[in-house]
Each structure stands twice: as C-alpha cells, then as structure tokens.
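Both ligands and their constituent atoms are indexed starting at 1 by order of listing. Scope of the values below: all heavy atoms of this structure, side chains included, with no hydrogens, waters or symmetry mates. The structure displayed is predicted, hence computed values, not measured ones.
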Amino acid sequence: MAQHWKSETDADGIVWLHFDKAATGTNTLSGEVLTELDELLQEIAAGAPPGLVILSDKKNGFIAGADVKEFTNLSDTEDAHQLIRRGQGVFDRLAALPFPTVALIHGFCLGGGLELALACRYRVADEDPATRLGLPEIRLGIHPGFGGTLRATRLLGAPAAMDLMLTGRTISARAGKKIGLIDHAVPARHLHTAARSLIAKKPAAHQAKGWQALTNHRLARAALARFLKHKVAAKAPPAHYPAPYALIDLWREHADDAAAMLDGEARSVANLITGDTAQNLVRVFFLQESLKSLGKGEDTESSPRFGHVHVIGAGVMGGDIASWCAVKGLHVSLQDRNPQQLARAMQRANGLFKKRLKQPRLVQAAMDRLMPDLAGAGLPRADVVIEAIVENLEAKQGLFRDIEPKMRADAILATNTSSIPLEELGQALQRPERLVGLHFFNPVAKMQLVEIVAGDATNSEEAGRGAAFTRQIGRLPLPVRSAPGFLVNRILMPYLMEAVALVEEGVPAAVIDKAAVDFGMPMGPVLLADTVGLDICLSVAEKLSTHFGGAVPARLRGLVESGDIGRKSGRGFYEYKGRDAQIPKTAKDYRAPTDLTDRLMLRLLNEAVACLREGVVADADRLDAGIIFGTGFAPFRGGPMHYIGHIGAGVLAARLRELADSHGSRFTPDDHWTRLLETL
Ligand code: NAI
C-alpha cells in the first residue's frame, strides 16, 4: 500500500494519480516517494488505461523539487550516481508509457517536480499567479538530474531551456505556455477538463520546432555554448560555481544522443553534489529555512495576520519599507512631517510597483493600499507601527512619547534605528517591553534580511511577533541583541574600514574591490561603501569606534566633509556617470600587496568571532545566515564561521597574529578564537 500516492480510476478508465506526501505540507521527491511511484507506474502500465493524470493533493502546489535533506548525506560520487540513475529510470518509464500522460499543475512545480512534469506527454497548469514553474537546481550548485537537461532542451530549444536552468528563475503558467513548457494555462476550475480533453484528442506532443530545434544542432551548440559561458562568467566564476559550466558542457557534448546525455547528466550531478560548493549551498538553503521557521506559528506568510502597517518617516528607509509592505498586500499609512518627502516616497513607490507587479491593475491596487498620511490618521488603527525617522535619540524619544498613547495596545511598536540602543529609546515609553527593533537594510526591496533587535527590556513575545511580521512580508528574520551595530553592520564595518585604510596606503580601489569579489563577495568594499553612502558609513563607523575603539580613517571623513558621499552625490571613492561607477584602469605593472585579501577578510572574520563571544546572535549558524543574507558573503563558502571551520581556526588565528605584527593591533585575534580551536 503506497503511503504517498493514491491512484483512482474514473468512469472513463483514466487513472488519476494523486501525490500527497505523508506527514508534510509540501510534496518533495524523496527516495521512498520515487520507489512507490515506480511500483505504481508498473501497475498502471499493466492495466493499459486510456490515460494517466498526475496531480497533487497539497494546497500549496504540485511538487517543490527533490527532497534536499537527502542531498546532505551524499559524500560518495558513485553512490550519488547510482541514486540519480535510479530516479532517471523512474522518469524514463513514465515518459515511455504508451498512453497519454498529463501533469496537472497548480502552485509550485520546481526542480524534480518540473522534471516529472516534463516526463509526461502533456502539461496543463493553473493560470493563477501562484503557479510557479522552474528548474532552480543551479542555486544549490547542481543542475537538473532526472532527465530535465535532455527533456527541457528538446521541448523548448536550447536558449529558453538554458535560460531557465542557468538562472534558476521561476515563471508563471502563462509565460510557460508562451515558451511551450505548458500545453494549456487555464483557470483552476478548467484543469480537469483540459486534462481529459488532451487524453481524448491525443494531439502531437509539443517539441521545439524551426530555429529553436536547430539550436540543439551540433554546429549551433559550439557557438551557443561559448556565448552562454561568457554570459555566466559575468555572474558566477567557474572556480566558485562549477555547475553552470558543467551543464553547458554536458549539453554541448551530448545533446544529440539521449542515452549519453542522461548518463552524462547523472555523472555531472553526482560530481557536483558531492563537491564543496553544492554542499555549502545546500547548507545555506537550510540556514534560510531555519530563519524562515522563526516567524512560524499562526502568523505565517500564507495565513497573514497583520493587515495595516503605519510607517513614520518617509525618507530612504521609511518610504521603501512602506512601499514594500504594500507590494506584499498590506494596507499602509505613511507619515512624515514633510509633505515633499511624502510625495517623493509615493513616486518611488509607484516605480517599485510597476517594476514588481507589472500589470496596471495590480499597480493601481498597490497604490490604493499605500496612503500618504501627513497627520498620522492611520496610527490608531495600525497592527504594526514602524518608526524610521532621523537617527537622533531625542527626536525618536519625542515621537514615542507622542504616539504611544495613540496606538492600539496590542500593536507592534518597532524602530528601524541602526545604532541607537533600544534601552535608551525605550526610556520614553510607558511600556518599554513592547519596543522591538526591525532593522531593514538598504535597498529594502532587494535585501532579504531584517534584524529583529531585542533590548534588555523587550518582551520575547513581541520579538516573536516582529519575526512573524517579517515573514509575512517575505523577509528573513534574524534575532539579534541590541548591541552597537547589531550583527551585520558590526561585522561589515571593520572590513570596509580596512578597505579605506588600503586606499589611504595607495592601493587602487579597483584592486581592493577585485580581491573581495575574487574571494566571493557580491561587490567590493569600496564600491559598497560608495553605494551605501559615505555619510552613513562614517556615522556607523564613528558610533562603533566609540564602543570598540579603533580609528576612523581620515580619508573617509575628508570625503564626507567635501560632500563627496558616494553614488548619490556623483562622487565618492569612485566617480559616477548616472548610477554607474567609472572604474579607472589599473596600471599593468601594478603589484597588489600579497596580504590584501587576508587583510580584508580576516578583519571581517575576527569581528564575527567577537560577536559570537558576546552573544550578539544565538549561535554560529545564525551568524552565518545573517552575514550571507545581510551582506551577500560568498554563499558557496557556507558563511564566515563555516569557512573558519573549513580552513581551520588555528591557521586563521596564526595569520591574524602575523598581520597584527605587521599592521597593528586591529588584527589581534579575539579571545574567542581559542574556544573555536576546541569546538570547530
Ligand atoms: P532620512 O533622513 O532619509 O529620512 C528620515 C525622514 O523622517 C525624513 O523624511 C524626515 O522628514 C522624517 N522625519 C523626521 N522627524 C520626523 C517626525 N518627528 N515625524 C515624522 N517624520 C519625521 O533617513 P533614513 O536614511 O531613511 O533613516 C531612517 C532610519 O532608518 C534611521 O533610524 C536610520 O538609522 C535607519 N536606517 C537607515 C539605513 C540607511 O541605509 N539609510 C539602513 C537601515 C536603517
């Protein structure tokens, strides 16, 4: 008796195979699920029905992909290869069934789930925007392994298939219909009829035609492969991210030989999945899941509880927090004492809505949800109040005194302060235990992390509600203590200041940035400082140096005094044309200092270790998650603490001591490194 599948035969003899994975809310393909499917397919084949429909009984979607948990146990390439070949075998048997097969899709249909759908003769999908189709394996450092590389390229032609597999992006049912991935995108109520009609009429199965089919031809493949590699290289260097290159090579070598392509696909995925990059990216996936689970409870994204947010301060942050909440379906009132600021924020919001929501109807609905509110009329009704006014203790305290009596007693009261201790802000409140920090990062629409800051007085239930709200707006909550700079700015700042010190020593900014990017950072520290704004960097650096010592580089202060505060002023460390930095060419014979990368990264790692000692976050995994999602720290390295474990705490602490000898006490290893030697 199958645990995860249920098969029903209707009056016409059509078999409806329902996937409803036991003891979980989401369908994923585990070894056990595939074994059951294999047995069922053999039984169904023996009955020779007029057709087979595969569908999901889960509310949230069809199939989310392979069961990623099973990836973490794979260390032997041969074992991995066997496992993948077995999975391929099941899908091959599905593809070879002599009667029509239909995947009936709603919600997410990702990775192995889409590969299963691709092994069916037809695919029909719910046209609702909640339907998401994609092959996101590349994000875990692998590529499709259950025949998806072969079936997608043959079905869609190489450009569309490679685009899906190399970017890992997801598309809607309608977009899927346009590229030929889906046969019919219909309203949910018509799905069953559409499946029946395909089985009755048996139209020829879709496949790439004309020039799309030609892209899989041997002669086209060589040129296209070169082009694709060039495109990928701009984002993912081969040394750090081998999967996209392995995928392109696989297709270039074997696309016209199905058997060789399948075998090559299995070998390639087996190699990738047992390698460091994939194992670390899988780790990052679980870190992300664990942050997501912090906002769990009744207030999840799928069952929203907070309906109305009131944001005070319509500057860079407040304006963007408000518009993001409106994108996510909340009603928002946005208060500022300056009407021009409100007008500017509304204009920026309109830009965001157009970019994110595209359809004019949805853009209009989001605009209707966002109300400029000069007088603060929305305050008494709000479920959540977020303060994002100027970074000034007296101003914020004054505001709190004013708003606390007007707010609902059960509303969340949050501050977006980046540097003022919650204990000081709370002094202005009658109930300081209700104040929680929701520290968003700039730009709000891009940065996934929100630090959930708890002060000494903060009630843990309030912090939990802050995390639940953060999940409701699709962001990742990271609980941190109200220590100066919290976690992310605290760890980032020494690294940025070291970059400025290197500039002062005459190292070209572009060379510094390249060293960090080569390590795996998404952007170099000098460009990052310019992007954040040198005024903001200076103010955070000054605050942190009063707490932790260390000098703020004179060059930074000088630039801010002369008004060159980075990208927003047109000049900082770099010059800007519009939003683009003009990166000067480095002289050919320039030799960078050999300790450049170590100087940058070890300051970051040393500060991470100090934060762990101080308990700024609960543990090393949370720290890694915070730094990956808050700064983009090289995900393929699995996070700063994981990296320390990988290289060896002893090796890195010794290197810090050498740097302290040659460059000064800022490199003195934190005391906690000795503890790490025992634990990592
Ligand atoms: P901003 O200067 O761009 O905006 C502040 C806004 O608050 C202005 O529109 C001002 O008119 C308004 N305002 C001031 N006092 C007010 C009052 N009493 N009532 C109503 N409106 C008032 O500042 P920004 O950069 O948006 O920062 C806001 C907060 O967010 C600060 O606490 C800052 O530390 C924090 N933050 C800033 C980040 C950044 O990258 N800019 C990142 C994360 C947090």
Side-chain angles (χ1 to χ4, degrees), residues 310-324 333-349 371-379 382 385-404 406-407 413-422 424-425 428 435-453 466 470 475 478 480 482 484-490 492-493 496 528-544 560 565-569 572 626 629-631:
H310 184 74
V311 182
I312 311 177
V316 180
M317 294 305 290
D320 287 3
I321 293 168
S323 54
W324 180 253
S333 39
L334 176 59
Q335 181 183 348
D336 200 293
R337 59 182 178 193
N338 178 348
Q340 274 149 9
Q341 284 287 84
L342 280 176
R344 267 197 288 269
M346 293 301 288
Q347 213 170 22
R348 275 207 320 278
M371 298 295 285
D373 183 6
L374 203 56
L379 178 66
V385 176
I386 303 177
E387 170 280 309
I389 68 167
V390 280
E391 188 72 344
N392 175 294
L393 176 65
E394 286 74 38
K396 288 188 194 278
Q397 284 186 334
L399 180 79
F400 285 153
R401 276 191 207 99
D402 178 39
I403 62 173
E404 191 183 22
K406 299 179 189 155
M407 290 175 53
L413 174 57
T415 171
N416 185 43
T417 182
S418 33
S419 60
I420 307 177
L422 263 67
E424 291 176 26
L425 291 173
L435 183 66
V436 57
L438 291 184
H439 185 228
F440 287 81
F441 293 87
N442 188 9
V444 175
K446 271 212 181 126
M447 300 299 291
Q448 285 200 56
L449 195 77
V450 176
E451 288 175 321
I452 311 291
V453 189
T470 304
R475 288 291 174 254
L478 178 77
V480 296
S482 169
F486 312 133
L487 180 75
V488 173
N489 285 345
R490 163 94 180 267
L492 213 44
M493 212 36 74
L496 294 186
L528 178 64
D530 264 6
T531 306
V532 169
L534 300 184
D535 51 340
I536 290 178
C537 286
L538 179 64
S539 108
V540 177
E542 278 174 340
K543 290 220 169 79
L544 287 176
V560 174
I565 54 174
R567 181 175 270 162
K568 56 189 168 189
S569 70
F629 296 110
T631 74

Any salt bridge (charged side-chain N to carboxylate O under 4.0 Å, His left out) involving residues 528-538? Give me the pairs, sequence neighbours left out, ordered by first then second residue. D535-K568
Examine the side chains of Q347 and R344 and answer whether a donor and an acceptor come within less than 3.5 Å of each other. no
K543 (side chain) donor-acceptor with G485 (main chain) under 3.5 angstrom: no
What are the two closest heavy atoms between S333 and H310, and how far apart are they? OG-ND1, 2.7 Å
Picking from N416, V311, T415, what satisfies side chain to side chain contact (heavy atoms under 4.5 Å, CB included) with E387? T415
Any donor and acceptor pair, going by atom type alone, linking the side chain of E451 with main-chain N or O of L487 inside 3.5 Å? yes
Shell of residues surrounding ligand 1, defined by a 4.0 angstrom heavy-atom cut-off that is strict: I312, G313, A314, G315, V316, M317, D336, R337, N338, Q341, A388, I389, V390, E391, K396, N416, T417, S418, H439, F440, N442, I536
